[in-house]
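These numbers come from the heavy atoms of this one structure, side chains and all, not from hydrogens, waters or symmetry mates. Being a predicted model, the structure only gives us computed values, none of them experimental.
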Amino acid sequence: MKKQTIYEIVTWIIIFIFMLYFLNYVYSAYAFVSDSLLKVIQGYSLIRNHFASEILFNPARSLDPQFQYYLFQPPMLVKLSDKYLGQYPVFFSFIITPFIYLSLTKYLSYVTSAIFLLFLYILKKAWNLSIWFLLFSFLGTYYVLMSLDVSEHSTLIFLNIVGTTLILKGIEPKKSLQIFGGSLIIGISTWLRLEPILFMFSFFIGILLAYGWNSKETQKIIFIILLGCSLGVLALFLFNFVDYGHPLGPRFFQNYSSEMTPISERFRRFFVLSFWGYYKIGFFTYLPIFLVVILYFTKPSRYKILSPHLKSLFISSLIFIPIVGLLAPNDGVTNIGPRYLSLAIFPMILLTQEFWKNAFSKTDNLKSKSLKYFSVFTMVISLFFTFLGINLYRIATKQLKNYQTSFRSSKADIWIFSNKSLCGAVGLEYFEHKILCVSTAKDMESLLPLLRKQEKNKKVAFFNMSAEALKLLHSNQQNSSIQGEMSNFAMSKEGDSEEIKNILSSNFSYIGNGEKNSIRYDIYLISN
């Protein structure tokens, strides 16, 4: 066996072991919250509705027919006529339905991680990526962080590398069917997210400029690409229009209001997505090597050495990044590394490897050595952010695990929360209990008749943060500006806790209470 083959096998073993370790390290089975939980609920709802409707399954629907006390509210909750839907594209929820049906939901992050590994495999085999850049693609980009989450990102990235590879590898041999197939795949990927439309537009211009816009061959290629992409995109528009009354779907009309976003706000978002803002790590801050690469190939003499493939990817990246930054509905909020720019990572990885080959061919040159050391330093920064992100993810999922363990320990049938943050942390327990997020005493009063009528002899648990936890939050609020902001957030989510508790005590039989992992719960029996 060749030494290179042995190195490659060892590399894949290392990647596989690291991936399994990360999945276990971050408590992935408890990580269903916010976006990921709603996407799973949408998939489960499809199964319950026999794929005839997207109306959300809500165990507490009989108590809350108008979804007034539902754990998700607009924009994540969409009301169309008398139907309540999730805002996320249903295609991803449809893809994960087999795993939900087989009761493998808590292992879905293993599936998304496996798709990410397939992306790496194509990157290695189709583009002859070196072992070191393969490892950097795994550990040095935020792809690995997105693969740990149950979301459409891994599938989106996989479909786009397959489509882009088929197109570029089919141009010079003039394989029209292959180019069409790749374009259709990218068009289909828009069923997951809308960013591929902007990527395809950027890629379209990149091919025109890289291969010569006045060439008949280029014009033919562009026509085939446009045809393939259009079929996938137009099919999506038709489905969205028929199903939701808007060609771009619920996520678009929920996130984009009719009011024009000020240009200053758009530039702010662009800066945050690209660099930094409010403790959010942008694209070039996470991956500063990419900025070095862009600046390097911007020089005309260096740009000329790129193959037409890489020229098209370089141009498309220069267009795609600012367009997304200016058109994004927000700045990415919670992720380390902006998810909206995830499609730019693949072309930039290939350009970085080409940069490495060309920039350091003369290592005895002092200027070349300095650039090499600086480039290595920027890549180390990326590794640091990846491991920082994984540790932050672990902190969050560990807290979710503690919360969900505390909720289960109540052994109640109905869970009531006045704290919206706690209510959103129920995870997959959502499917086993009737959950109500009640923030005011007036709302609790209106629920009493329904509880008495429908839930006789059932146990109700009212959850809140323990006195010690609240005291700690107040202490943090005074001692640290950053912790104080977190404290303010937690406290702002608190409803009329004491009033709601008093109403429950006055109307139902008090059984007892408990406290676990900073969560306090009081249990009541619904009786006559």
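Aromatic ring centres of Y44 and F431 lie closer together than 6.0 Å. Aromatic ring centres of Y143 and F119: separated by under 6.0 Å. The aromatic ring centroids of W276 and F271 lie 6.0 Å or more from each other. Ring-centre distance between F284 and F275: below the 6.0 Å cut-off. Ring centroid separation for the pair F377 and Y373 does not come in under the 6.0 Å cut-off.
A donor-acceptor pair under 3.5 Å links the side-chain atoms of R269 to the main chain of P329, judged by distance alone. Side-chain N or O atoms of W213 include none that pairs as donor or acceptor with a backbone N or O of I207 at under 3.5 Å. In this structure a side-chain-to-backbone donor-acceptor pair under 3.5 Å is missing from T218 to L208. In this structure, the side chain of H153 does not engage the main chain of M146 through any donor-acceptor pair within 3.5 Å. The backbone N or O of V150 sits nowhere less than 3.5 Å from a side-chain atom of S109 that would complete a donor-acceptor pair.
Looking only at side-chain heavy atoms (C-beta outward), F407 and E429 stay at 4.5 Å or farther from each other.
Screening F283, F314, F355, F297 for a ring-ring contact (aromatic ring centres under 6.0 Å, His included) involving F290 leaves a single residue, F283.
By the 6.0 Å and 45° rule, K106 does not stack over the aromatic ring of F32. Taking the ring axis of W127 as reference, the NZ or CZ atom of K169 stays within 45° of it and closer than 6.0 Å to the ring centre. With a 6.0 Å cutoff to the six-membered ring centre and a 45° limit on the axis angle, R302 counts as a cation-pi contact of Y296.
In this structure, E8 pairs ionically with K124, as a charged nitrogen and a carboxylate oxygen lie closer than 4.0 Å. In summary, E152 and K39 engage in a salt bridge, as defined by a charged side-chain N under 4.0 Å from a carboxylate O. Classification of K220 and E217 as a salt-bridged pair fails, no side-chain N sitting under 4.0 Å from a carboxylate O.
The aromatic rings of Y211 and H309 are tilted relative to each other, their planes meeting at an angle between 30° and 60°.
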